[in-house]
Amino acid sequence: MTELVSTTPGLYPLPDWAKQDLSDLKGHQKHDLISGDEGPEIVDVYDRAREEVVSEQIDAGLDRIVEGQLRWDDMLAHPLTVHENVETGGIVRYYDNNNFYRDPQVKGELTFSGDVASELEATSELLDGQALQAVLPGPYTLADLATNEYYDDDAAFLDAVGEFLAGEVDAFPEHETLFLLEPSLVTDSPDEDLDERIPDAIDRISDATDADVVVQTYWGALEEKVYAHLMDANVDALGFDFVAGDREQTFYNINEYGTKDDIALGLVNGQNTLVESPETVHERVEWTLDRIANKTFDRAYVTTNTELFYLPENRATEKLSALAEVVNAPEVKA
C-alpha cells in the first residue's frame, strides 16, 4: 500500500493583517522590498505571520510543515535577491502570470548566505514533534530566473548555483523532506548541453541533506529528453503537475522512462479559488496512480500543483484542510 503524505510546495499568501502592517512599515517600492537587513519592527511582523501559517498547517493536520516563505518578495528568486554579491535590477514578469520579481544580477561569487536557514530555524522552534519540510528553488530554475554577470558561461553558473544551494542546505536545521521547485524545467527547457548537467547540480544539493528530496515540477509536462535526464538525479521523488498542461505527456514520460520509488502528485489547484473536497482529491489520487503502469509507490506526496501565494488567505487555508483529510480517506489502490 502506498503511504500518502499531505504537504505543499510552500510560498504562502501573507495574512491580511500582515500585509497592512508591512505596507505601513515598508511600503511597496523596489527599495522597500526585503533585502535581508530589515529592522526589528518588520522582523516582528514576519515572525508573527510565520507563527500563524505554521499553526494553520498544524491545525489542518498536514504531514509536512513548511515555513511559508512569507519574506520572499521575489518568489523563487529570493535566495539570490538577498545575497551580498547580487544586485537587483529591473522588474521581470514571474513566468506567464501577473506577478513580478526583481532581476537578481549576480556580480560576484555565490558564497554562503544562511538566510533561508535562519527562517527554518525559527520554524523548527514552533513545531511540537511535527515534521519540517524545507523548500528551495531548484538549481536550474534559480539560474534561469537570474542574470549571470560573474561566471564564465551558463554551465559554470548552473554549477555555482548548485554549490550555493548545497551550502545553504548544509546549514538547515533537521528536516524530514526537501522540496526543490523546478518550474523552469517545464517553461524554459534547457538546451541539451545544459540539460545533461542538471542531475549533477541537483545531486550536490541532495548530498547535503539526509532528508528525502523531491524535485517538484509544475505548469505543464516536461519534454521527453528533459525528463529522461532528470531521472539520473539521485533524489527520492519527482513531482508532477496533474492540473495544468499536458497530462498525457507526463504519463508517457513516467511509463516510458520509469520514475522514483516515491512520487509527488500536484492534484490541487494552487491558482484557483475553487476548493476541492477531500473526496475529489482522493479520487484524483486513485485515478493518477492507476494510470502509472506496473508501479507501486512507497510514498505519494499529495500537494497543490503550484505555490499557494496566488490565493486569498482563506482559500489557501481551506485547501490545506482538503489535502490533510485525504490521508485519512479509504486505502488508495496503487
Side-chain angles (χ1 to χ4, degrees), residues 9 11 74-77 79-80 92-101 103-106 135-148 151-165 179-206 213-235 237-260 263-266 270-271 288 292 303-307 310:
L11 207 59
D74 298 289
M75 288 78 82
L76 296 180
L80 290 184
V92 183
R93 184 178 294 275
Y94 183 64
Y95 297 102
D96 187 21
N97 57 57
N98 291 325
N99 294 282
F100 297 85
Y101 71 98
D103 175 26
Q105 300 173 349
V106 178
V135 178
L136 281 174
Y140 176 71
T141 291
L142 188 55
D144 180 60
L145 293 175
T147 299
N148 170 33
Y151 294 94
D152 290 341
D153 53 30
D154 289 345
F157 187 44
L158 175 66
D159 292 346
V161 171
E163 290 286 358
F164 163 67
L165 291 173
F179 263 51
L180 297 176
L181 308 185
E182 284 283 16
S184 287
L185 285 177
V186 173
T187 63
D188 300 283
S189 296
D191 61 39
E192 188 167 355
D193 289 342
L194 199 61
D195 188 22
E196 294 175 347
R197 304 181 72 97
I198 291 171
D200 288 340
I202 292 173
D203 285 354
R204 291 188 185 94
I205 303 167
S206 64
V213 178
V214 180
V215 176
Q216 182 75 18
T217 63
Y218 47 97
W219 285 324
L222 292 164
E223 290 184 4
E224 186 175 347
K225 69 175 182 63
V226 175
Y227 182 82
H229 281 132
L230 186 59
M231 272 297 293
D232 291 334
N234 183 26
V235 296
L238 302 182
F240 306 96
D241 183 348
F242 289 105
V243 174
D246 186 353
R247 287 189 289 270
E248 292 304 315
Q249 179 63 44
T250 295
F251 285 123
Y252 171 81
N253 289 339
I254 294 171
N255 289 322
E256 180 69 17
Y257 296 99
T259 193
K260 305 297 184 179
I263 189 170
L265 307 173
Q271 296 181 272
T288 304
I292 299 172
T303 183
T304 54
N305 68 321
T306 68
E307 316 102 306
Y310 307 95

- Go through Leu145 and Met75 one step at a time and tell me if the side-chain contact (heavy atoms from CB on, under 4.5 Å) criterion holds. CA-CA 10 Å; Leu145 293 175; Met75 288 78 82; over 6 Å; no
- Verify side chain to side chain donor-acceptor pair (under 3.5 Å) between Thr217 and Glu182, making sure each step is shown before the conclusion. CA-CA 5 Å; Thr217 63; Glu182 284 283 16; over 6 Å; no
- Message: Apply side-chain contact (heavy atoms from CB on, under 4.5 Å) to residues Tyr218 and Thr304 and explain how you reach the verdict.
- Response: CA-CA 10 Å; Tyr218 47 97; Thr304 54; over 6 Å; no
- Query: Under the side-chain contact (heavy atoms from CB on, under 4.5 Å) criterion, do Leu76 and Glu307 qualify, and how do the steps go?
  - Reply: CA-CA 10 Å; Leu76 296 180; Glu307 316 102 306; 4.0 Å; yes
- Could you give me the CA-CA distance, side-chain angles and deciding distance for Tyr252 and Asp246, then say whether side-chain contact (heavy atoms from CB on, under 4.5 Å) is met? CA-CA 10 Å; Tyr252 171 81; Asp246 186 353; over 6 Å; no
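The backbone N or O of Leu222 sits less than 3.5 Å from a side-chain atom of Asn253, completing a donor-acceptor pair. No side-chain donor-acceptor contact under 3.5 Å links Asp188 to the backbone of Ser184. Side-chain N or O atoms of Lys260 include one that pairs as donor or acceptor with a backbone N or O of Met231 at under 3.5 Å. A donor-acceptor pair under 3.5 Å links the side-chain atoms of Asn305 to the main chain of Gly270, judged by distance alone. Side-chain N or O atoms of Thr250 include none that pairs as donor or acceptor with a backbone N or O of Ala221 at under 3.5 Å. In this structure a side-chain-to-backbone donor-acceptor pair under 3.5 Å is missing from Asp195 to Pro190. Of the possible polar contacts, none joining the Arg204 side chain to the Glu163 backbone as a donor-acceptor pair under 3.5 Å is found.
Of all heavy-atom pairs spanning Val235 and Ser206, the tightest one is CG1-CB, 4.4 Å. Across all non-hydrogen atoms, the minimal contact from Ala77 to Tyr101 is CB-CD1, 3.8 Å. Nearest heavy atoms, Trp219 versus Asp241: N-OD2, 2.8 Å. Closest heavy-atom contact between Arg93 and Asn97: NH1-O, 2.6 Å. When all heavy atoms of Ala146 and Asp103 are compared, the pair lying nearest together is C-OD1, 4.1 Å. Across all their heavy atoms, Tyr95 and Pro183 have their closest contact at OH-CG, 3.4 Å.
Note that the CD1 atom of Ile254 and the CD1 atom of Ile263 stand 4.5 Å from one another [nearest 0.5 Å]. For the atom pair CG (Asp200) and CG (Asp159), the distance works out to 7.5 Å, reported to the nearest 0.5 Å. Here the CG-CG distance, from Asp144 to Leu158, works out to 10.5 Å after rounding to the nearest 0.5 Å. Atom CD of Glu223 sits about 10.0 Å away from atom CG of Leu185, to the nearest 0.5 Å. Ile202 CD1 to Arg197 CZ: the interatomic distance, rounded to the nearest 0.5 Å, is 13.5 Å. From Thr259, atom OG1 reaches atom CG of Leu230 across 8.5 Å, with rounding to the nearest 0.5 Å.
Inter-residue side-chain proximity for Phe240 and Tyr227 is flagged as met; some heavy-atom pair is nearer than 4.5 Å. Counting heavy atoms from C-beta outward, Leu181 and Val135 have side chains that approach closer than 4.5 Å. Within the 4.5 Å cutoff, the side chain of Ile205 has heavy atoms near those of the Pro139 side chain. Between Asp154 and Asp193, every side-chain heavy-atom pair lies at or beyond the 4.5 Å cut-off. Counting heavy atoms from C-beta outward, His229 and Ile198 have side chains that stay 4.5 Å or more apart. In this structure, the side chains of Phe164 and Val106 stay at 4.5 Å or more apart for every pair of heavy atoms. Val161 is not listed as a side-chain neighbour of Tyr140, based on a closest heavy-atom distance of 4.5 Å or more. Under the 4.5 Å side-chain criterion, counting only non-hydrogen atoms from C-beta, Asn255 is in contact with Ile292.
Around CG of Asp96, the count of heavy atoms belonging to other residues, nucleotides or ligands within 6.0 Å does not exceed 12.
For Tyr151, there are no side chain to side chain donor-acceptor pair (under 3.5 Å) partners two or more places apart in sequence or in a different chain.
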